[in-house]
Amino acid sequence: MVYNFDQATDRRGTSSLKWDVEERELPMWVADMDFQTAPEIVRAVKERAVHGIYGYTVLPEEWYRAYMDWWETRHHLTVRKEWLIFCTGVVPALSSAVRKLTTPGENVLIQTPVYGIFFNCIRNNGRNVLENRLIYDGQKYHMDFEDLEEKLADPQTTLMILCNPQNPAGKIWDRETLARVGELCEANHVTVISDEIHGDLTAPGLDYVPFASVSETCARISISCVAPTKTFNLAGLQTAAVIVPDPVLRHKMWRALNTDEAAEPNVFAVTAAIAAFTRGKDWLDQLRAYLQENKELVVRFLREELPELYVVSTDVTYLLWIDCGRLPGDTTEFAGFLRKETGLYLSQGEEFGGNGRQFVRMNIACQRDRVKDGLARLKKGVEAYYSARS
């Protein structure tokens with residue numbers, strides 16, 4: 001079956017967080033897609049909806065098998081049934097882990113720039129954010145292992161939240177890098193919770209490396225957060241899972257999620273996840289190809305029309321981290337100006353920490369005509385920004 005990703009769907013008036021904006025505005029910020037999910041998932045949800053009774057729901061064997069087969073086939077990670085725990089989302093899992101695995105006043109290490117909600121999960125629970133800033137060489141990001149080792153050695157540092165693959169930088173961490181992270185964390189008695197929600201959204205021909213697949217050490221000290229939500233545009237259904245190989249750590253995580261009432265599935269969360277992982281392969285492969293064409297369109301446009309801007313990576317996610325360091329001012333000012341003058345709504349880099357004030361993040365998971373519209377607005381905005389500052 002061939003899927004049509006050029007078909008536009010009007011999302012205004014649907015209580016969409018992304019599209020709750022003024023009529024003239026084009027939102028290319030928050031990380032959900034403007035594509036309808038796979039029709040195979042829609043059919044499964046419709047069939048379940050027709051039943052008409054939406055009572056308390058348990059996890060059937062098919063749910064476990066769907067996750068196990070997907071990660072074995074797609075990502076070469078063997079997952080046992082008992083390792084899997086349902087949760088309502090990756091963010092609830094992160095917050096539960098912070099509360100259960102650390103005490104108030106302890107340090108939770110993150111590598112910035114990184115998904116801004118990580119900061120909230122830590123600070124809102126009375127823990128300290130400890131930043132291990134990634135090194136940016138003007139083209140790519142790398143881990144600063146000297147700084148990482150020093151901060152992990154602090155007895156107050158008890159948890160590390162790893163973003164794998166990395167959002168917003170679009171970085172696929174290699175096996176050797178992840179192995180070193182695991183060795184350092186084990187040596188310093190630090191648990192790793194790995195956010196792997198973007199793992200399915202690699203460029204065609206590329207795959208990510210699940211942290212738990214790297215070594216026995218990485219598996220033993222880690223909790224991996226996975227979900228079909230980013231991959232298949234299901235965020236509103238609140239469906240995810242954690243993979244926890246170690247039985248002691250798994251019990252703690254099970255207790256954490258149940259204490260926080262974040263481990264009870266709703267009817268459609270189960271149905272959609274099973275359909276996604278058992279019937280969504282072809283849709284996803286075509287989606288990845290379409291997204292890659294969108295990314296390449298942006299790269300070409302910037303190279304030819306706005307050479308002062310630079311896309312850091314197109315390897316993974318549908319979120320482009322755009323270096324605006326050659327523009328005057330910083331991107332907090334620029335992004336605000338851009339939205340006011342052109343209606344183009346991008347994410348400000350400041351919210352990601354690290355050197356984020358040098359960047360904006362653009363979501364290109366939309367129809368190609370919308371990408372072209374966004375690029376035209378971006379060019380117009382840059383030109384107006386220069387004029388306003390001259």
Side-chain angles (χ1 to χ4, degrees), residues 56-72 75 77-110 118 121-122 124-127 152 155-164 178 181-197 199 210-228 238-266 269-270 273:
Y56 296 116
T57 301
V58 297
L59 295 169
E61 182 66 27
E62 291 83 359
W63 181 87
Y64 292 97
R65 178 52 55 189
Y67 271 93
M68 292 161 64
D69 289 349
W70 185 267
W71 256 263
E72 178 79 51
H75 306 303
L77 173 64
T78 300
V79 178
R80 298 178 185 173
K81 177 182 176 180
E82 62 268 24
W83 295 359
L84 283 161
I85 307 171
F86 175 88
C87 57
T88 54
V90 168
V91 172
L94 293 175
S95 288
S96 291
V98 168
R99 283 191 291 275
K100 185 67 175 179
L101 303 178
T102 68
T103 59
E106 289 185 342
N107 300 330
V108 179
L109 185 142
I110 57 176
F118 284 9
C121 292
I122 299 166
N124 290 350
N125 287 300
R127 278 65 170 174
L152 289 174
Q156 284 294 105
T157 306
T158 52
L159 183 68
M160 174 178 177
I161 302 178
L162 173 70
C163 199
N164 177 46
L178 295 175
V181 169
E183 291 164 2
L184 288 173
C185 286
E186 183 195 42
N188 291 284
H189 311 288
V190 174
T191 301
V192 176
I193 181 163
S194 184
D195 175 359
E196 308 200 351
I197 199 169
F211 185 75
S213 74
V214 172
S215 66
E216 290 185 7
T217 293
C218 290
R220 186 175 62 254
I221 66 170
S222 68
I223 297 161
S224 298
C225 299
V226 296
Q238 299 182 316
T239 182
V242 292
I243 300 171
V244 198
D246 181 75
V248 174
L249 191 56
R250 183 166 64 249
H251 178 74
K252 290 181 179 179
M253 196 64 203
W254 178 83
R255 289 286 297 171
L257 290 168
N258 278 275
T259 299
D260 293 339
E261 305 298 345
E264 184 173 343
N266 70 68
V270 173

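Counting begins at 1 with the first residue of the sequence.
Put simply, the side chain of D246 gets close to the backbone of V248: a donor and an acceptor are under 3.5 Å apart. Here the side chain of Q156 pairs a donor or acceptor atom with the backbone of G105 at under 3.5 angstrom.
Residues W254 and V244 form no side-chain contact, since every pair of their non-hydrogen atoms from C-beta on lies 4.5 Å or further apart. Using a 4.5 Å heavy-atom cutoff, the side chains of P265 and T239 are not in contact. For the pair V242/V226, no side-chain contact is recorded, criterion being any heavy-atom separation below 4.5 Å from C-beta on. Under the 4.5 Å side-chain criterion, counting only non-hydrogen atoms from C-beta, L178 is in contact with N164. Proximity of I197 to C225: side-chain heavy atoms (C-beta onward) are nowhere separated by under 4.5 Å. With contacts defined as side-chain heavy-atom distances shorter than 4.5 Å, the pair V214/V181 does not qualify. Under the 4.5 Å side-chain criterion, counting only non-hydrogen atoms from C-beta, F118 is in contact with D195.
By the side chain to side chain donor-acceptor pair (under 3.5 Å) test, R127 pairs with T102, sequence neighbours left out.
Taking CG from L159 and CD from E106, the interatomic distance works out to 9.5 Å, rounded to the nearest 0.5 Å. Rounding to the nearest 0.5 Å places CZ of R250 at 5.5 Å from CD of E82. Rounded to the nearest 0.5 angstrom, N125 CG and R99 CZ are separated by 4.5 Å. Atom-to-atom distance recorded for N258:CG and M253:CE is 10.5 Å, nearest 0.5 angstrom. The distance from the CG atom of N107 to the OG1 atom of T158 is 7.5 Å, given to the nearest 0.5 Å. Between T88 atom OG1 and E264 atom CD the span is 10.5 Å, to the nearest 0.5 Å.
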Inset, instruction - Determine, step by step, whether L84 and I243 satisfy the side chain to side chain contact (heavy atoms under 4.5 Å, CB included) criterion, reporting the C-alpha distance in whole Å, the side-chain angles of both residues, the deciding distance to 0.1 Å, and the verdict. - result: CA-CA 5 Å; L84 283 161; I243 300 171; 3.8 Å; yes

Inset, instruction - May I have the step-by-step check of side chain to side chain contact (heavy atoms under 4.5 Å, CB included) for V190 and L109, ending in yes or no? - result: CA-CA 9 Å; V190 174; L109 185 142; over 6 Å; no

Inset, instruction - Assess whether side chain to side chain contact (heavy atoms under 4.5 Å, CB included) is satisfied between L249 and L101, documenting all intermediate values. - result: CA-CA 9 Å; L249 191 56; L101 303 178; 4.0 Å; yes

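Among all heavy-atom pairs drawn from N266 and Q238, the shortest one is ND2-O, 4.3 Å. Here the closest heavy-atom approach between residue I161 and residue L94 is recorded as CG2-CD2, 4.0 Å. Residue L152 comes nearest to N188 through the heavy atom pair O-CB, 3.3 Å, listed as atom of the first residue, atom of the second, then distance. Across all non-hydrogen atoms, the minimal contact from S215 to C218 is OG-N, 3.0 Å. The two atoms that bring P210 and E196 nearest to each other are CA-OE1, 3.5 Å, heavy atoms only. Closest non-hydrogen pair, G89 versus A240, comes out as CA-CB, 3.7 Å.
The aromatic rings of W71 and Y67 sit parallel to each other, their planes meeting at less than 30°, with 60° as the upper class boundary.
In the displayed structure, K100 atom NZ is contacted under 6.0 Å by more than 12 heavy atoms of other residues, nucleotides or ligands.
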